[in-house]
Amino acid sequence: MHVGHVRGAVVGDALSRLLAFAGWQVTREYYINDGGAQVDVLARSAYERYREAHGLEPEIREGLYPGDYLIPVGAALKARFGDTLLDKGEQFWLSDVREIATDLMMIEIKGDLAALGVQMDVYSSEKSLYGTGQIEAAIKTLRDMDLIYEGTLEPPKGKEPDDWEPRVQTLFRSTAHGDDVDRPVQKSDGSWTYFAPDIAYHFNKVQRGFDELIDIFGADHGGYVKRMKAAVSALSNGRVPLDIKLVNLVKLYKNGEPFKMSKRAGTFVTLRDVVEQAGADVTRFMMLTRKNDVPLDFDFAKVLEQSKDNPVFYVQYANARIGSVMRKSIEAGMDVSDAALAQADLSLLSHPAEIDLMQKIAEWPRLVDIAARGNEPHRVAFYLYELASEFHGLWNRGNDEPSLRFVQAGNTATAAAKVALVRATGVAISAGLAILGVTPVDEMR
RNA sequence: GCACCCGUAGCUCAGCUGGAUAGAGCGCUGCCCUCCGAAGGCAGAGGUCAGGGGUUCGAAUCCCUUCGGGUGCGCCA
């Protein structure tokens, strides 16, 4: 996985946690694109690496995947098949190589997700939809609604391909459900387009009885939003809403300098690179500091900085200070159980800065509600930063005004009220960090 | 050509599905740091919310339109 995928994974995972926190029952699914021509390309690319493993010069032709990540796959193929695949025609090895390469890639991806702390409930394979009748069933359902027909599409205006020829294809009448043009589900040779298994997969979800579906796509797939929504709308008779979150690019920087990334040259930065350098917590938080449909800058140097410029650090620092206050209060012999703190007389906290912090804490339930309703986990990240900011602000006032310090001498009602405020801040921060999937720290080191 | 996304302070971005003087961070300016953790703190300057219409008691937010940027557009997934 490269960094672009990471953002999608993080957004999806945080969204899942958010919705679960808001009371939904959530199933996280990973749709494996292991069907179609792209896996053949993968297999051919892996085969070249297999040849390389035998000391031969790999021929990474135009259209193949050049990435280094396939080198271990080549080695695995050598270990498995020895030299028996060398100098053989594609028909001899393609199917075996395809299977092993996709399996290895999935192991790799699952490892990447695990390193990020992302857990999936269901892995759905595109390939497994073929030959089971599921695609046919989904298409038949649409056909019975008179939404499938044989026809010819108009060429796109203004950008007509040179080799355009009218073709008769099986089309889905997506325009009946809000799309701009009808979309092909079958190629002219009768085989399925990628869209057909996608329809079948979503049909399967609808049949499993979900009340709401959420897809996460790369922003470059924005053109498929309408047709996918149209399909789900048709297949569920408008019952099941489908929300599609488009996740935009991640631009990598180091000290403000753009990090060169080229898929063509195979030098793109992988997830492991990022997580190894920045850590899973930092990576996750940073990926959520932008709205999903906007490009994101990720600066390696900055995310490791321990200062106010680094929002992850700033929030963690607040949490650590909270931990510090709680520890000191316990040392002072105070009862800091939630039951005891709930009895505290909060009317003793009347300073404007204290009121501000309380108001910020009071926003938390509403914030969760808004974020969950809009499927927008980034709101949680922003909220945490603001909350931490209020907290630090009040803390700093304590430097000049001892009466505002959270830790007060003696076991008085005022002291209890202040600790209750600290504890409440801590509750919101740890809940928020849990939604982001970031481990809260109790102490800074 | 069409569709979708974006356009808010010098820069990077929030902004609660219509509500009070539009908010942060960076940068800039000026003060402050033997004091619960100064790996800093406080304060200030800085905005025709891209432009123009419309709906509304009320618009950054909703509708229309223009401009600018991005993405995509039939046997590629």
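Just so we're clear, the structure is a prediction, and the values are computed from it rather than from any experiment. FYI, side chains are in, hydrogens and waters are out, and symmetry mates aren't considered; it's all heavy atoms of this structure.
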Undergrad: Base, sugar-phosphate or nothing for A:Pro295? Non-hydrogen atoms, less than 4.0 Å.
TA: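 A:Pro295: backbone/sugar contact only, no base atoms under 4.0 Å.
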
Undergrad: Can a cation-pi geometry be assigned to A:Arg321 and A:Tyr317, taking NZ or CZ under 6.0 Å from the six-membered ring centre and within 45° of the ring axis?
TA: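 Judged by the rule, A:Arg321 and A:Tyr317 form a cation-pi pair.
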
Undergrad: Check the distance between B:C13's P and A:Leu296's CG and give it to me in whole angstrom.
TA: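 Atom CG in A:Leu296 sits about 9 Å away from atom P in B:C13.
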
Undergrad: Pairing check on B:G7: which nucleotide meets the Watson-Crick or G-U wobble criteria with it, both distances under 3.5 Å?
TA: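 Paired with B:G7, as far as the under-3.5 Å criterion goes, is B:C67.
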
Undergrad: Should B:C2 form a Watson-Crick or G-U wobble pair with both distances under 3.5 Å, which nucleotide is its partner?
TA: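 Across all strands, the one nucleotide that pairs with B:C2 is B:G72.
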
Undergrad: What nucleotide among B:C76, B:U17, B:U12 has an atom nearest to a side-chain atom of A:Lys187?
TA: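 When the side chain of A:Lys187 is considered, B:C76 is the closest of B:C76, B:U17, B:U12.
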
Undergrad: Looking only at atom P, what distance separates B:U48 and B:A22, rounded to whole Å?
TA: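 B:U48 and B:A22 have their P atoms separated by 12 Å.
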
Undergrad: Would A:Glu376 and A:Lys291 pass as an ion pair if we require N to O under 4.0 Å?
TA: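 Salt bridge absent between A:Glu376 and A:Lys291.
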
Undergrad: Is A:Arg366 salt-bridged to A:Glu363, going by a charged N under 4.0 Å from an acidic O?
TA: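 A salt bridge is absent here (no side-chain N lies under 4.0 Å from a carboxylate O).
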
Undergrad: When you compare B:C64 with B:U55, how far apart are their C1' atoms, in angstrom units rounded to a whole number?
TA: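 B:C64 and B:U55 have their C1' atoms separated by 11 Å.
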
Undergrad: Measuring only the P atom in each nucleotide, how far is B:U8 from B:G41? A whole number of Å is fine.
TA: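 Approximately 28 Å lies between the P atom of B:U8 and that of B:G41.
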
Undergrad: Whole angstroms only, please: what is the CG-P distance between A:Asp220 and B:G69?
TA: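 Distance, rounded to whole Å: 21 Å.
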
Undergrad: I need the CZ-P distance between A:Phe382 and B:C13, as an integer number of Å.
TA: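 It works out to 10 Å between those atoms.
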
Undergrad: If you measure only the distance, is there a donor-acceptor pair under 3.5 Å linking the side chains of A:Asn33 and A:Tyr194?
TA: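 No, because no side-chain N or O of A:Asn33 sits under 3.5 Å from a partner of the opposite role on A:Tyr194.
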
Undergrad: Atom CG of A:Asp299 and atom P of B:G25: how far apart are they, to the nearest Å?
TA: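 Rounded to the whole Å, the gap is 19 Å.
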
Undergrad: Would you kindly give the CZ-to-P distance between A:Arg290 and B:G15, to the nearest whole Å?
TA: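 Taking CZ of A:Arg290 and P of B:G15, I get 10 Å after rounding.
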
Undergrad: Work out how far the C1' atom of B:A14 is from that of B:C6, and round it to whole angstrom.
TA: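 Per the computed distance, 15 Å lies between those C1' atoms.
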
Undergrad: Just to confirm, is there a sub-4.0 Å distance from OP1 or OP2 of B:A38 to any side-chain nitrogen or oxygen of A:Arg321?
TA: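 Answer yes for this pair, as a side-chain N or O of A:Arg321 is under 4.0 Å from OP1 or OP2.
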
Undergrad: Is the A:Phe406-A:Phe391 ring centre distance short of 6.0 angstrom?
TA: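 When the ring centroids of A:Phe406 and A:Phe391 are compared, they turn out to be within the sub-6.0 Å range.
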
Undergrad: Using only modelled atom types and a 3.5 angstrom limit, is any donor from either the side chain of A:Tyr314 or the base of B:C26 paired with an acceptor on the other?
TA: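 Flag unset: no donor-acceptor pair detected.
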
Undergrad: Using atom P in both nucleotides, what's the gap between B:C62 and B:G7 to the nearest angstrom?
TA: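 Going atom to atom, P in each nucleotide, I get 11 Å.
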
Undergrad: Atom CD of A:Glu390 and atom C1' of B:A24: how far apart are they, to the nearest Å?
TA: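 Going from CD in A:Glu390 over to C1' in B:A24 covers 11 Å.
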
Undergrad: Of A:Glu401 and A:Ala219, whose nearest nucleotide on RNA chain B comes first from the 5' end?
TA: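 Counting from the 5' end, the first nearest nucleotide belongs to A:Glu401.
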
Undergrad: With nearest nucleotide decided by heavy atoms, which residue, A:Asp293 or A:Tyr224, maps closer to the 5′ end of RNA chain B?
TA: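 It is A:Asp293 whose nearest nucleotide is closer to the 5' end.
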
Undergrad: Out of B:G41, B:A77, B:G74, which has the shortest distance to the side chain of A:Asn396?
TA: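 Of the candidates, B:G41 comes closest.
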
Undergrad: Can you tell me, in whole Å, how much space there is between the P of B:G23 and that of B:C2?
TA: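 Pairwise P distance, B:G23 against B:C2, rounds to 39 Å.
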
Undergrad: To the nearest Å, how far apart are A:Glu363 CD and B:A24 P?
TA: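 Going from CD in A:Glu363 over to P in B:A24 covers 13 Å.
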
Undergrad: Using the C1' atom on both, measure B:C57 against B:G15 and round to a whole Å.
TA: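 These two C1' atoms come out 23 Å apart once rounded.
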
Undergrad: Which nucleotide in the set B:U17, B:G74, B:C76 lies at the smallest distance from any side-chain heavy atom of A:Arg167?
TA: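 Closest of the options to the side chain of A:Arg167: B:G74.
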
Undergrad: Any strand is fair game: report the nucleotide pairing with B:A60 by Watson-Crick or G-U wobble, both distances under 3.5 Å, or none.
TA: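 Answer to the pairing question: none, since B:A60 forms no Watson-Crick or G-U pair.
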
Undergrad: Nearest 0.5 angstrom please: A:Gln186 CD to A:Gln169 CD, how far?
TA: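 Interatomic distance, A:Gln186 CD to A:Gln169 CD, rounded to 0.5 Å: 9.5 Å.
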
Undergrad: Please determine if A:Asp180 and A:Lys226 form a salt bridge, counting it only when a charged side-chain N lies under 4.0 Å from a carboxylate O.
TA: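 Result for this pair is yes, salt bridge flagged.
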
Undergrad: Is it true that A:Asp356 and A:Lys360 have a side-chain N and a carboxylate O under 4.0 angstrom from each other?
TA: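 Not counted as a salt bridge, because no side-chain N and carboxylate O are separated by less than 4.0 Å.
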
Undergrad: Please report the distance separating the C1' of B:A24 from the corresponding atom of B:G47, rounded so that it comes out in whole Å.
TA: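 Rounded to whole Å, the distance is 14 Å.
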
Undergrad: With a 4.0 Å cutoff (strictly under), does any side-chain N or O of A:Lys226 reach OP1 or OP2 of B:C73?
TA: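 Negative; the distance criterion is not met.
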
Undergrad: Taking the side chain of A:Asp180 as heavy atoms from C-beta outward, which of B:A3, B:G41, B:C36 is closest to it?
TA: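 The answer is B:A3.
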
Undergrad: At 4.0 Å (heavy atoms only), tell me whether A:Glu165 reaches a base, stays on the sugar-phosphate, or touches nothing.
TA: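 Contact class for A:Glu165: base.
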
Undergrad: Taking pairing as Watson-Crick or G-U wobble with both contacts under 3.5 Å, can you name the mate of B:A24, or confirm there isn't one?
TA: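 Partner of B:A24: B:U12.
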
Undergrad: Starting at CG of A:Asn33 and ending at P of B:C76, how long is that distance when rounded to a whole Å?
TA: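 After rounding, the gap between these two atoms is 15 Å.
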
Undergrad: Would you say B:A38 has OP1 or OP2 under 4.0 Å from some side-chain N or O of A:Trp395?
TA: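 So the side-chain polar atoms of A:Trp395 do come within 4.0 Å of the phosphate oxygens OP1 or OP2 of B:A38, strictly under.
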
Undergrad: On the nucleotide B:G15, are OP1 or OP2 found under 4.0 Å from the side-chain N or O atoms that A:Arg379 carries?
TA: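 Looking at the OP1 and OP2 atoms of B:G15, one of them is under 4.0 Å from a side-chain N or O of A:Arg379.
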
Undergrad: Return no unless some side-chain N or O of A:His378 is found under 4.0 Å from OP1 or OP2 of B:G15.
TA: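 Checking B:G15 against A:His378, a side-chain N or O does come within under 4.0 Å of OP1 or OP2.
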
